Each structure stands twice: as structure tokens, then as C-alpha cells.
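Every heavy atom of this structure was used, including side-chain atoms; hydrogens, water molecules and symmetry mates were not. Since the structure is predicted, the reported quantities are computational estimates derived from the model, not experimental observations.
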Amino acid sequence: MSRAIPRTYWVAGAAVLLALLFAAAATVSAANGGSDARPAPAPRTPGLHSADAGFARDMSVHHQQAVEMSFIVRDRTQDEAVRTLAYDIANTQANQRGMMLGWLDLWGLPKVVADEPPMSWMGTSGGQGGHGGHAGHGPAKPGALMPGMATKEELEQLGAASGRDAEVLFLQLMTDHHKGGVTMAEGCAQLCATPVERDLAQGMVDAQRSELTLMADMLKQRGATPRG
């Protein structure tokens, strides 16, 4: 049976290419000291509480749960459309997560900051320092680390469901997850100072908005609707 599910591999592929270009540019800049031309200024390394670093840390956690939910539903249904969507999400977001964690290593920054509230970077100005809120997102629901993320109880419900029930719950949870992810990515597209990271964030916005439309259609096909 043919399927018309749009793949999102282009996001991961483009992001990987941009990361390689970013690394290459940094290497050329560092090695340019012996040339006759005036060396270009070294790229500014993001600070500990910058939007660049905060987004990389928070979105890595956000993506990890999306990968987890995708693997859960893969084993709870035989529906080809849902399994394909879950595979695409897991593949894309696992690749993006690896890139963001790699950037933190490149910048010499920790992957976890104990005293940093989730999404506090969205209150920064120009991606440099500061904490605060952002008008574009609401508070996380009780038991969830960040807006859009599922609670432990919801993950357990997904793991216990099967067939259509698992499909509907996965699509509803992932719809919430994508809505939270889009808001975070839009924040980085506006606030992050690193061009390659802004490009990645905008790619996330575009891809996840497309998947939100797809998931709404898939829920309708199953006689259900997004939550909220």
C-alpha cells in the first residue's frame, strides 16, 4: 500500500551539512593566522546562559522524549502510517540532538546546568545572558519538565495501550510535544547568535509545523482530535 507521508530527513541532512560547514569555518579561521590576509575574527563562543547554549540543552532533552515516545508506539501498533511517522521523528530528532550536544562540547559548555530553570534562555536579549519568561509559551503541565512534554504517567499509558488506542494517544502526545518544540525553536530562531543554530531551529519549525498538519489529519481518520 502506498503512503503519502512526508519524510523529514531533509531537516537532519541539512542540519548535518550546516554543522560540518560551521566546523570547517571555525577550523579555517583558527588556521588563518599565517596568511598574508588579515585573519577573520574568531567566532564568538556562546556563554553558559546564552540562548544558544540554553536552546541546545533544553531541546536535546525535549527531543529525547520524542524519540522515546516514537520507539514506544512502534512496538504498540502495526499501523504502517503511524510506524513510519514515528520512525521519521525518531531518526530526525536523534540526529538533531546529537548535533546540539556536539555544539555544547565544541563550545566547552556543560550539557546540564543544575541551577538553570528550563527555557529560561527564552527571556534573553540577543542571546546573551539573563533569565526570564517568553510570551510565546505557557507553563508546563504538572509533572512535565517543559511545555509540550509528556508526564511519566502519560508515557506509561502509551506503553500500556495498543492498536488504535496507542495510535491516538501517540498522535495527541506528539502534537502537544511538537507545539512546545515549535515555540522553543522559534525562540532560538529569534534569539540565538550562532547562524547555523538559527538555521537548524528554523528547520525544526518548518518540519514540525508540517507534521502537526499531518497528525491532525491522522487523528481525524481515527475519529479523534488533538487535545486542548
Side-chain angles (χ1 to χ4, degrees), residues 6-31 42-71 74 85-113 116 118-122 124 126-128 134 137 145-149 174 177-212:
R7 295 274 183 171
T8 56
Y9 295 139
W10 65 270
V11 179
V16 170
L17 176 60
L18 288 168
L20 292 173
L21 291 173
F22 176 81
T27 301
V28 170
S29 177
R44 184 175 182 180
T45 300
L48 179 63
H49 294 296
S50 65
D52 305 66
F55 174 76
R57 283 191 289 265
D58 284 351
M59 191 58 88
S60 293
V61 174
H62 211 267
H63 272 21
Q64 180 59 33
Q65 189 183 75
V67 173
E68 180 182 357
M69 290 195 294
S70 297
F71 281 135
R74 182 194 61 178
L85 174 64
Y87 177 83
D88 286 351
I89 291 173
N91 183 69
T92 298
Q93 297 206 15
N95 277 306
Q96 292 173 346
R97 181 175 184 270
M99 289 176 51
M100 292 182 288
L101 294 177
W103 285 335
L104 289 170
D105 284 338
L106 180 66
W107 297 332
L109 298 176
K111 299 177 177 66
V112 177
V113 178
E116 181 178 66
M119 299 177 72
S120 58
W121 58 271
M122 294 188 75
T124 65
Q128 299 299 323
H134 188 278
H137 70 81
L145 183 62
M146 284 176 270
M149 291 188 69
M174 193 59 75
H177 206 272
H178 271 23
K179 288 178 179 178
V182 165
T183 297
M184 292 170 64
E186 287 176 332
C188 179
Q190 296 172 7
L191 297 172
C192 289
T194 307
V196 68
E197 191 172 17
R198 289 199 307 268
D199 290 342
L200 176 64
Q202 186 59 53
M204 291 178 187
V205 171
D206 297 339
Q208 293 193 26
R209 280 179 175 167
S210 176
E211 287 176 344
L212 282 169

Is the closest side-chain heavy-atom distance between Asp58 and Met122 below 4.5 Å?
no

If I compare all heavy atoms of [X] with all of [Y], which pair ends up nearest, and what's the gap?
X: Met174; Y: Ser70; value: CE-OG, 3.8 Å
X: Val67; Y: Ala94; value: CG2-N, 3.8 Å
X: Ala53; Y: Gly47; value: CB-O, 3.5 Å
X: Arg198; Y: Cys188; value: CG-O, 3.8 Å
X: Gly187; Y: Trp121; value: C-CZ3, 3.9 Å
X: Arg209; Y: Val182; value: NE-CG1, 4.1 Å

According to the interplanar angle, ranging from 0 to 90°, do the rings of His62 and His177 count as parallel (below 30°), tilted (30 to 60°) or perpendicular (above 60°)?
tilted

Sequence-distant partners of His178, ring-ring contact (aromatic ring centres under 6.0 Å, His included), two or more places apart:
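If we apply the ring-ring contact (aromatic ring centres under 6.0 Å, His included) test to His178, skipping adjacent residues, there are no hits.
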
How would you list, by chain and number, every residue that makes a ring-ring contact (aromatic ring centres under 6.0 Å, His included) with His63, sequence neighbours excluded?
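Here no residue qualifies.
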
Under 3.5 Å, side chain of Ser210 to main-chain N/O of Asp206, donor-acceptor pair present?
no

Where the side chain of Asp52 meets the backbone of Thr194, is there a donor-acceptor pair that is under 3.5 Å apart?
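Present.
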
Let's go through Phe55 and Leu191 carefully: what are the C-alpha distance in whole Å and the side-chain angles of both, what is the deciding distance for side chain to side chain contact (heavy atoms under 4.5 Å, CB included) to 0.1 Å, and is it a yes or a no?
CA-CA 10 Å; Phe55 174 76; Leu191 297 172; over 6 Å; no

Please report the C-alpha distance between Leu145 and Gln65 in whole Å, then the side-chain angles of each, then the deciding distance to 0.1 Å, and finally whether the side chain to side chain contact (heavy atoms under 4.5 Å, CB included) criterion is met.
CA-CA 11 Å; Leu145 183 62; Gln65 189 183 75; over 6 Å; no

For Leu101, give me all partners under side-chain contact (heavy atoms from CB on, under 4.5 Å), at least two apart in sequence or on another chain.
Ser60, Arg97, Leu104, Lys111

What distance separates Met119 CE from Met146 CE, expressed to the nearest 0.5 Å?
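Answer for the CE-CE pair, Met119 versus Met146, is 7.5 Å.
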
Taking atom CD of Gln208 and atom OG1 of Thr183, what is their separation to the nearest 0.5 Å?
10.0 Å

Salt bridge (Lys or Arg N to Asp or Glu O under 4.0 Å) with Arg57: which residues, sequence neighbours excluded?
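Scan of Arg57 (salt bridge (Lys or Arg N to Asp or Glu O under 4.0 Å), adjacent residues dropped) gives Glu116.
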
Mind checking side-chain hydrogen bond (donor to acceptor under 3.5 Å, both in side chains) for Glu197 and listing every partner two or more places apart, or none if nothing turns up?
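Checked Glu197 against side-chain hydrogen bond (donor to acceptor under 3.5 Å, both in side chains); zero matches.
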
Residue pair His49, Ser120: steps toward the side chain to side chain contact (heavy atoms under 4.5 Å, CB included) verdict
CA-CA 9 Å; His49 294 296; Ser120 58; 5.8 Å; no

